[in-house]
2 protein chains.
Amino acid sequence: MNDVNDTPRRRSDATRDAILTAARERFAADGYERATIRAIAKDAQIDPSMVMRYYGNKEGLFAAAVSVDLGLPEPASLPRDDIGRALVARFLDLWEENEVLTALLRVGATNQAGAERMQGIFREQVMPVAVRVCPDPEQAPARAALAATQLLGLALTRYVLRLPPTVALAREEILAWLAPTIQRYLTAPSP
Amino acid sequence: MNDVNDTPRRRSDATRDAILTAARERFAADGYERATIRAIAKDAQIDPSMVMRYYGNKEGLFAAAVSVDLGLPEPASLPRDDIGRALVARFLDLWEENEVLTALLRVGATNQAGAERMQGIFREQVMPVAVRVCPDPEQAPARAALAATQLLGLALTRYVLRLPPTVALAREEILAWLAPTIQRYLTAPSP
DNA sequence: ATCCTAGGCCAACGCATGTTGGCCAACAAG
DNA sequence: CTTGTTGGCCAACATGCGTTGGCCTAGGAT
């Protein structure tokens, strides 16, 4: 079959990418149920049946459209007191550089599969960082969970609900207020 | 028409309440789109058409089902340094005493009308408290917004996404970690 | 006893959705 | 040039949705 080791370039790759891009936009804007395959297909300027051909069904499309690499900083690479600020900064960049995370959060709020995918990301990408930065690794899950409440809460109110006073906050304000919170959740002694 | 001043008891009030209760459960569990009128009617053990008769349409049903009074504590009634803890405690109680807030958050994440309703609650019930507790009332919106990110983030991860490490947190742990955060957002000098 | 109203159900409509299978054109290999 | 494969579209399907209108029945008022 495909003896070629490198990714075998298919002639339809352009279409496939167009579908994924349109899907991300729609999922981010409308959530899972209201992002219809027909609308996604129209955005990608192809027939709805092509979506099925390439991704099987709607769930498969979502799985293919939303793949996240948080690219969190390596804790060892910076001063221990700066980890809070570095994480907040990284999260702000992540949410603004593309719509994948907004799509994931919107879908996760309504869809079981979406929620489970977020749990997976937390487990495999957030937890390892927490383990390496927490004073007592046994407390890592709780501390990582606390940090997640603050960071996801920011994303929720700013990028999903678009609560006006949260949208109005400047990047520097957010950094200045939230960095100490995250720093404390991860490194301060238990209260 | 209704010259009677007190609420005119209709014979159908039991049914109406059953519909609202079922609606809250379904909206909380499934979000707006997947909470179907048919399913709600089945839960309430009546015909779907009754829902339309009493609430006009699905949007009207949602509006009737979620009406929230946060019942936030009056800042003047307690020591200034305890306001953070009091607010966190009140929020935990609110989210656990019924499903209205979960429904509202799930719907707000996907539905424009739901998001606007949350903005209304923030404006009319959260802001007034912030104005009375903030050192500089001009900063009240930003500070209230920050508190909202933390509290809604907790609700999101604990009651909607059900991130296991967040669900595992004990009430006392949450209070001990989050109270200082809220206290700082509302009353500490700007960083 | 007789109206009349309100509570309730049934059956159906129109529509949008996810999904399927068949058909056609363009490209690649022989 | 022929042949097989791939990319693509069209038309349709079954289903479930919100919503509507008509009909029946039981209370309450007179």
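By convention in this document, chain letters (A, B, ...) are assigned in the order of the sequence lines, proteins followed by strands, and residues within each chain are numbered from 1.
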Taking 4.0 Å as the cut-off, does a side-chain nitrogen or oxygen of B/Thr15 come that near to OP1 or OP2 on C/dG7? no
Interatomic distance, B/Lys58 NZ vs D/dG16 P [rounded to whole Å]: 15 Å
By nearest atom, which of the nucleotides D/dC9, D/dT6, D/dT19 is closest to the A/Ser49 side chain? D/dC9
Side-chain contact check for B/Arg11: nearest option of C/dG18, C/dG8, D/dG27 is D/dG27
Side-chain contact test, heavy atoms from C-beta onward, threshold under 4.5 Å: evaluate it for B/Arg143 versus B/Val133 and give yes or no. no
Side-chain N,O (B/Tyr54) to OP1/OP2 (C/dA6) below 4.0 Å: no
Does anything in residues 17-46 of chain B come within less than 4.0 Å of DNA chain C? Heavy atoms only, and list the residues if so. B/Arg38, B/Ile46
From the candidates D/dG8, C/dT19, C/dG7, the one with an atom nearest any side-chain atom of A/Met52 is C/dT19
Please tell me which of the listed nucleotides, C/dT19, D/dG7, C/dG8, lies nearest to the side chain of A/Met50? D/dG7
On a heavy-atom basis, the closest approach of B/Lys58 and B/Glu33 is NZ-O, 3.5 Å
Exercise: identify the closest heavy-atom pair between B/Arg34 and A/Thr110: NH1-O, 4.0 Å
If I take atom CG in residue B/Asp47 and atom C1' in nucleotide C/dG7, what distance separates them, rounded to the nearest angstrom? 11 Å
So B/Tyr159 and B/Leu101, do their side chains get closer than 4.5 Å, heavy atoms only? no
Please find the pair of heavy atoms, one from A/Ala147 and one from A/Tyr185, that lie closest to each other, and give the distance. N-CD1, 3.8 Å
5'-most by nearest nucleotide on DNA chain D - B/Pro48 or A/Arg53: A/Arg53
